[in-house]
Amino acid sequence: MTENTTPNLDADLVDLLAFEAPGGRPAAMHKPRILLLYGSNRERSFSRLLTEEAARLLEHFGAQTRIFDPSGLPLPDDAPENHPKVRELRELMQWSEGQVWCSPERHGSMSAVFKAQIDWIPLSIGAVRPTQGKTLAVMQVCGGSQSFNVVNQLRVLGRWMRMFTIPNQSSVPRAYQEFDEAGRMKPSPLYDRVVDVMEELVKFTLLLRERSDYLVDRYSERKESAEKLSERVTQHSI
């Protein structure tokens, strides 16, 4: 018998998502590829537990997931770019069509562990920013009362990385109360919000993944490319 990885879901209310593209267009039939990042190296990391819960939900909704383990990732610029953890992270960034970012709130901000992962991502690989046009869902865990500092910062960071951040988000206060001894999130309205966020992320990813190149095509970048082409042709004629 297949293990039920989402026992807290009401199966009668789950909207299993269709892969058909709207407007009669042929759709890519592979599962949406979602990369999940979390921001703590603690043995019992609540950002990791929430991320693992999110991955189970995403897979239930038909997505393919990868979780990056930040343990062993060097500080930005403190190792060569061919460091194994750096290469792994960059390859996963290119593999993904959507992402989930989850960080604990530490001193009112995202953790250094989380930010280091983003800071290892170059602005471009070849001619393309590796995060450009991908969907993004943001979450945070808090040790105390609920805060939205981290998710607000992650939204700014997602915009800077040219990603489509979905409207919904999750902030889990007093996270130490929300997970059982096995590391599973307990049933609650907070859990239901995580379900909402993951469902919405898969929907947005399905809608945008075949249109992202068109949506992020910019006049200024086309102009710069045209100018470079003109300069190159002029040099060749000399």
Exercise. Run the numbers on Val138 and Thr165 for side chain to side chain contact (heavy atoms under 4.5 Å, CB included), then give the verdict.
Key: CA-CA 8 Å; Val138 296; Thr165 308; 4.3 Å; yes
Exercise. Report the C-alpha distance between Glu81 and Arg87 in whole Å, list the side-chain angles of each, state the deciding distance to 0.1 Å, and finish with yes or no for salt bridge (Lys or Arg N to Asp or Glu O under 4.0 Å).
Key: CA-CA 7 Å; Glu81 293 183 357; Arg87 287 204 318 268; over 6 Å; no
Practice problem: Assess whether side chain to side chain donor-acceptor pair (under 3.5 Å) is satisfied between Gln153 and Ser109, documenting all intermediate values. | Solution: CA-CA 8 Å; Gln153 292 168 352; Ser109 178; 3.2 Å; yes
Exercise. Apply side chain to side chain donor-acceptor pair (under 3.5 Å) to Thr205 and Thr135, showing your working.
Key: CA-CA 6 Å; Thr205 305; Thr135 53; 2.6 Å; yes
Self-check item: Trace of the side chain to side chain donor-acceptor pair (under 3.5 Å) decision for Gln140 with Ser103
Solution: CA-CA 5 Å; Gln140 73 173 83; Ser103 174; over 6 Å; no
Practice problem: Decide yes or no on side chain to side chain contact (heavy atoms under 4.5 Å, CB included) for Lys134 and Met93, but give the supporting numbers first. | Solution: CA-CA 10 Å; Lys134 301 180 189 297; Met93 281 281 170; 5.6 Å; no
Self-check item: Intermediate values then yes/no, side chain to side chain contact (heavy atoms under 4.5 Å, CB included), Met163 and Trp101
Solution: CA-CA 12 Å; Met163 303 176 79; Trp101 293 355; 3.5 Å; yes
Exercise. Step by step, work out the side chain to side chain contact (heavy atoms under 4.5 Å, CB included) result for Cys142 and Arg174.
Key: CA-CA 6 Å; Cys142 312; Arg174 299 180 182 86; over 6 Å; no
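With a 4.5 Å cut-off on side-chain heavy atoms, Phe148 and Gln169 count as touching. Proximity of Phe114 to Val150: side-chain heavy atoms (C-beta onward) are nowhere separated by under 4.5 Å. Proximity of Arg193 to Asn168: side-chain heavy atoms (C-beta onward) are separated by under 4.5 Å at one or more points. Looking only at side-chain heavy atoms (C-beta outward), Leu73 and Gln117 come within less than 4.5 Å of each other. Inter-residue side-chain proximity for Met161 and Ile118 is flagged as met; some heavy-atom pair is nearer than 4.5 Å. Taking the side chain as every heavy atom from C-beta outward, Glu53 and Met198 never approach each other to under 4.5 Å. Considering only heavy atoms from C-beta on, Ser71 stays 4.5 Å or farther from Lys85 through its side chain. A 4.5 Å side-chain heavy-atom check between Ser111 and Ser40 finds every atom pair outside the cut-off.
A donor-acceptor contact shorter than 3.5 Å links the side chain of Gln146 to the backbone of Ser171. Of the possible donor and acceptor atoms, none in the side chain of Arg44 sits under 3.5 Å from a partner among the backbone N and O of Tyr176. With Glu178 contributing its side chain and Tyr191 its backbone, the two residues share no donor-acceptor pair below 3.5 Å.
If you run side chain to side chain contact (heavy atoms under 4.5 Å, CB included) between Gln64 and each of Glu59, Arg33, Glu97, only Arg33 comes through.
Pairing each heavy atom of Gln99 with each of Thr131, the nearest pair is NE2-CG2, 4.2 Å. Nearest approach of Pro80 to Val86, heavy atoms of both residues: O-CG2, 4.4 Å. Considering all non-hydrogen atoms of both residues, Asn41 and Pro70 come closest at OD1-CG, 3.4 Å. Residues Val197 and Ser170 approach most closely at CG2-N, 4.1 Å, considering heavy atoms. Contact detail for Val113 and Gly39: the closest heavy-atom pair is CB-O, 3.6 Å. What you find for Phe204 and Pro167 is that their closest heavy atoms are CZ-CD, 3.8 Å.
By the 4.0 Å N-to-carboxylate-O rule, Arg48 lies close enough to Glu52 to be salt-bridged with it. Arg184 has no carboxylate O lying under 4.0 Å from a charged side-chain N of Asp180, or vice versa, which leaves the two without a salt bridge.
Residue His60 holds its NE2 atom at 14.0 Å from OG1 of Thr65, rounded to the nearest 0.5 Å. The NZ atom of Lys186 sits 11.5 Å away from the CG atom of Asn8 when rounded to the nearest 0.5 Å. For the atom pair CD1 of Ile67 and CG of Leu37, the computed distance is 10.0 Å after rounding to the nearest 0.5 Å. Taking CG of Leu157 as the start and CG of Leu136 as the end, the distance is 8.5 Å to the nearest 0.5 Å. How far CG of Leu58 is from CG of Leu36: 6.0 Å, rounded to the nearest 0.5 Å. Taking CG of Leu207 as the reference point, atom CZ of Arg209 lies at 10.0 Å (rounded to 0.5 Å).
Stacking of Lys203 on the aromatic ring of Phe61 is not recorded, the 6.0 Å distance cut-off and the 45° axial limit not both being met. In this structure, Arg66 satisfies the cation-pi test against Trp95, with its NZ or CZ atom closer than 6.0 Å to the six-membered ring centre and inside 45 degrees of the ring normal.
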